[in-house]
Amino acid sequence: MGRIDRIAAPWGTRTPYGPGETWPTRVDSYLADGLSEDDVDRWVQSATILHSNGDGLDIAVKDNRIVGVRGRAVDRVNHGRLGPKDLYGWQANNSPERLTRPLIRRNGELVETDWDTAMDAVAGRCRELLDEQGPSAVAFYTTGQLFLEEYYTLGLIAHGGIGTNHVDGNTRLCTATAAAALKETFASDGQPGSYTDIDSADVICLYGHNMAETQTVLWTRILDRLAGPNPPQIVCVDPRQTPVARAATVHLAPRPGTNVMLMNALLHEIIGNGWIDRDYVEAHTVGFDELEKRVQDYPPELAAEVCDVPVEDIREAARIIGHAERLFSTVLQGFYQSHQATAAAVQVNNVNVVRGMLGKPGCGILQMNGQPTAQNTREAGADGDLPAFRNWSNDSHIADLARVWNVDPLDIPHYSPPTHAMQMFRYAEEGSIRFLYVTATNPAVSLPELARIRSILAQERLFLVVQDIFLSETAQLADVVLPAATWGEKTGTFTNVDRTVHLSEKAVDPPGEARADLDILIDFARRLDLRDKDGAPLVKWTDPEGAFEGWKECSKGRPCDYSGLSYDKLRGGSGIQWPVTEDAPDGTEHIYVDGQFWAQPDYCESYGRDLVTGAALDETEYRALNPSGRAVLKAAEYLPPHELPGQDFPFQLITGRTLYHFHTRTKTARAPQLQAAAPEVWVEMSASDAADRGWTEGDLLEVRTPRGRVEAKVRISGIRPGVLFLPFHYGYWDEPGGHEPDGSGRAANELTLTDWDPCSKQPIFKTAAAAVTRLATGDGPSSAPTTTGSRPVTGDVPPTRGGPAAEALEELATGGAR
Amino acid sequence: MKLGLAIEELHRSENHLARVLLAVSDRHKADHEVFYVARDIAGWSQRHVQELARIGADFGVDLDPEPEGEPGILEKVQQATSDLLGRRPEPGLLLLADLRHVHREAAGVSLDWELLAQAAQGARKRELLNLAERCHPDTLRQMRWANAKLKESATQALVS
């Protein structure tokens with residue numbers, strides 16, 4: 001057992017392994033205050049909540065307080081490992097700043113009140129508006145951080161009870177394109193990959209996916225393969241020199257907004273050279289001819305010019321992909337939050353499909369998620385889609401859902417696609433949405449063009465309810481604030497991107513009067529007196545396990561089938577991959593085996609959309625295109641980004657994450673080790689751009705776009721020239737302004753533009769044109785982390801260290817593979 | 001042979017459709033998706049205008065390859081007005097009317113392409129037929145966009 005500073009060494013100690021071997025176990029743990037395992041009263045089973053990887057862990061409890069965490073050695077996802085955010089982030093649960101009583105706005109101020117008063121105000125205003133205007137006045141904006149049971153209940157209340165079409169999650173900002181890309185190619189959500197594919201892949205491609213920072217344990221798995229015999233080759237597409245880029249065989253750093261151009265050039269080479277599985281394409285796909293024709297227009301020479309990437313690197317990447325025997329591809333925000341998001345992500349699917357690299361070990365695609373429970377937001381219908389991947393434009397799916405819920409099919413809104421988050425804010429702006437119920441998310445920092453978002457949220461005519469664990473920037477603008485319990489204080493399940501379902505048990509009571517989100521939602525439904533068509537209460541359950549049983553019935557027979565699962569089955573061992581059915585009681589590692597998809601017209605979740613206009617296809621069109629439910633190869637033309645750099649705004653601004661923070665820092669800034677590792681905002685610039693201007697590491701810069709301005713110290717990093725990077729985590733709750741800038745801004749979203757992908761409706765955070773000036777020379781380097789994508793390339797910058805307070809334990813398994 | 005006439009008419013109607021799309025875009029700047037997508041797909045019509053001008057020369061018609069209607073000062077004013085009206089509900093109804101108009105104009109252009117394709121086939125003008133086969137799907141996508149956007153926007157605009 002060794003001690004290790006996991007702030008300084010985010011991925012811990014290497015445990016090398018070779019292709020086809022089992023990833024060795026390494027159990028990571030961290031206990032507070034010098035406690036040892038002997039001091040712990042009990043360990044409570046759960047999984048990680050501050051990223052999307054879904055690592056199994058146990059929560060240490062002493063004197064009814066959480067005092068630490070330990071990775072679960074038996075779990076298929078992490079084999080005992082934890083990331084820095086998991087090791088230290090739980091401390092936020094114990095923060096004295098937790099909300100402990102409901103708040104209500106009286107004479108312009110938020111004041112403490114009791115639950116009855118708060119909930120009567122919420123349900124009362126909702127009922128008033130339903131009577132006056134109808135369901136079109138009511139909207140729900142949720143998250144990727146609640147539990148499955150809560151999403152399913154929320155979807156039932158909103159869709160089946162209130163009958164509003166305005167339901168979405170902040171998953172719109174993180175995984176909407178993942179879902180959309182899967183729906184385009186496979187006509188249904190559901191990830192055709194498994195983390196175990198990393199154990200045998202010989203080529204791993206990461207498209208706009210800085211896995212080293214977003215899913216640290218998954219990256220640890222790849223690092224261990226790279227350190228072992230016969231390592232995989234890595235292809236990385238990212239405009240920054242991330243840890244992934246530094247480990248890559250080929251690193252392509254395209255201009256922001258040109259992903260479709262690059263992907264088409266890769267496909268041009270792969271198809272042009274015949275590096276395809278023709279039998280697979282003929283047996284299991286439609287649309288190949290059009291794809292082949294389309295990518296003929298995109299030779300690598302053209303892409304090299306448009307993307308500003310060396311032509312030989314494009315050819316080399318294509319050659320590696322084209323010769324892969326077991327190809328594993330992952331995609332994240334570099335594609336999802338950029339121009340032509342869905343079109344680009346779909347081309348990644350196309351690469352694996354034309355190569356026949358699906359549904360077998362080492363071959364798969366992970367259209368990644370960003371948040372721990374985003375998968376459930378999508379599955380359970382809290383992102384606006386209907387539960388269990390039902391198709392809103394298929395009447396028999398609506399009828400079936402109405403049967404499960406015992407409501408009239410007409411009560412379930414399905415006249416048009418669900419209202420996505422950006423459109424909900426637009427309706428609130430024009431005044432037709434007048435009640436907005438926000439759960440566990442912070443749009444006043446996370447949405448683009450913050451000045452606009454703040455002005456929408458602050459409107460008198462909008463009744464804003466915020467259910468959260470801290471007084472976030474958004475909560476400060478609310479009419480009613482409901483204090484919620486969080487992870488470790490309530491029970492529920494959640495599912496990661498490789499379809500692994502985990503149970504997270506309640507370890508301790510929530511602070512003060514805070515209540516589980518599920519209890520609050522059920523209370524809301526009761527006060528609205530929502531009923532089914534026989535007059536019985538609409539929501540039939542009172543606890544998480546009851547909700548889970550309801551979900552099992554709802555998901556039975558659908559792709560994300562949970563019917564073979566139970567809380568008991570999830571206790572004690574590892575997480576389990578859906579579908580879990582009578583036929584597959586231990587779960588399903590690979591879907592789409594032998595080219596069998598969920599794309600049949602009567603069964604599929606989606607008929608697809610036009611990749612440029614976003615127009616939804618109707619049933620007749622889909623039936624004609626894909627009568628027997630094959631994979632759909634969709635071609636896409638490249639369109640230039642909507643905001644291009646010019647004389648006044650010569651840079652391209654991209655925003656993103658750092659390893660040490662999650663979202664708007666409401667939790668991670670309250671964990672001292674994480675906060676110290678990345679204490680304040682920075683802006684990244686390339687060495688050549690800085691040298692041209694005579695600027696050096698640590699100078700104070702102002703970044704401007706037509707929307708606003710942000711001040712930050714410069715970190716001269718390995719980012720490509722012409723591009724600036726700002727981390728999006730930093731808002732104002734721990735600043736004098738409270739919910740808005742007091743003087744200069746520091747939230748990256750002061751600068752971003754309101755524009756989204758017409759197909760997935762995911763906002764574009766990565767193609768704003770920006771100007772930058774120096775306000776002052778620096779008095780020292782920026783405090784940006786040195787261990788990550790923000791690694792300095794100039795100057796004498798002290799390395800990021802956690803010191804004694806960050807010493808965690810690592811227990812390496814002896815005796816080799818389990 | 002009246003192929004030149006058909007090309008000329010299509011050149012006119014595509015130019016008009018591009019202008020209509022750009023005008024709709026300007027009027028609905030506060031509806032961001034309409035603003036951007038209408039501009040993107042106006043680009044298709046503008047490309048068609050260029051291609052028609054190029055091929056027109058082979059059929060004895062002299063057409064301007066430069067699409068009309070790049071935004072000037074008037075359009076900027078229109079965009080600013082749209083932003084200012086963004087807090088009012090009326091633009092929602094105006095949007096429905098505008099989308100209906102786009103659909104009708106695009107349907108007209110679609111029929112013009114049908115006519116041209118029929119004529120090109122009859123006259124065995126392979127290059128012209130190829131042009132029609134390449135461009136006509138864009139027009140159909142423009143129509144489908146107007147239809148889909150209308151469907152998506154109608155409920156909130158009409159029931160709220």
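FYI, side chains are in, hydrogens and waters are out, and symmetry mates aren't considered; it's all heavy atoms of this structure. If you're wondering where the values come from, they're calculated on a predicted model, not measured in any experiment. Quick note on labels: first sequence line is chain A, next is B, and so on, each numbered from 1.
Within the structure, the ring pair (Phe, Tyr, Trp, His ring centres under 6.0 Å) test picks out the following pairs touching residues 409-430 of chain A (sequence neighbours left out): A/Tyr141-A/Phe425, A/His166-A/Tyr427, A/His420-A/Trp756.
Among the candidates B/Asp26, B/Leu21, B/Val34, B/Val24, the single residue satisfying the side chain to side chain contact (heavy atoms under 4.5 Å, CB included) test with B/Arg39 is B/Asp26.
Checking B/His32 against A/Asp755 by side-chain atom types alone, no donor-acceptor pair falls below 3.5 Å.
Heavy atoms of A/Pro758 lying under 4.5 Å from chain B belong to its backbone as well as its side chain. Using a 4.5 Å cut-off between heavy atoms, B/Ala146 does not touch chain A at all. With a 4.5 angstrom heavy-atom cutoff, A/Ile433 touches chain B via backbone and side-chain atoms both. Contact of B/Asp31 with chain A is made through backbone and side chain together, with heavy-atom distances under 4.5 Å. The contact between A/Ser455 and chain B is made by backbone and side chain atoms together, counting heavy-atom distances below 4.5 Å. Contacts between B/Val37 and chain A at a heavy-atom distance below 4.5 Å involve the side chain alone, from C-beta outward. Within the 4.5 angstrom heavy-atom criterion, no atom of A/Glu643 approaches chain B. With a threshold of 4.5 angstrom between heavy atoms, A/Gln423 approaches chain B through side-chain atoms but not through N, CA, C or O.
The backbone N or O of A/Asn391 sits nowhere less than 3.5 Å from a side-chain atom of A/Glu605 that would complete a donor-acceptor pair. At distances below 3.5 Å, not a single donor-acceptor pair connects side-chain atoms of A/Asp757 with backbone N or O atoms of A/Thr177.
Checked against a 6.0 Å centroid threshold, the rings of B/His103 and B/Trp145 do not count as neighbours. A ring-centre distance under 6.0 Å is found for A/His642 and B/Tyr36.
Listed options A/Leu753, A/Asp618, A/Val612 were ranked by heavy-atom pairs under 4.5 angstrom with chain B; first place goes to A/Val612. Between chain B and the options A/Arg452, A/Lys761, A/Glu429, the largest number of non-hydrogen pairs under 4.5 Å is found for A/Glu429.
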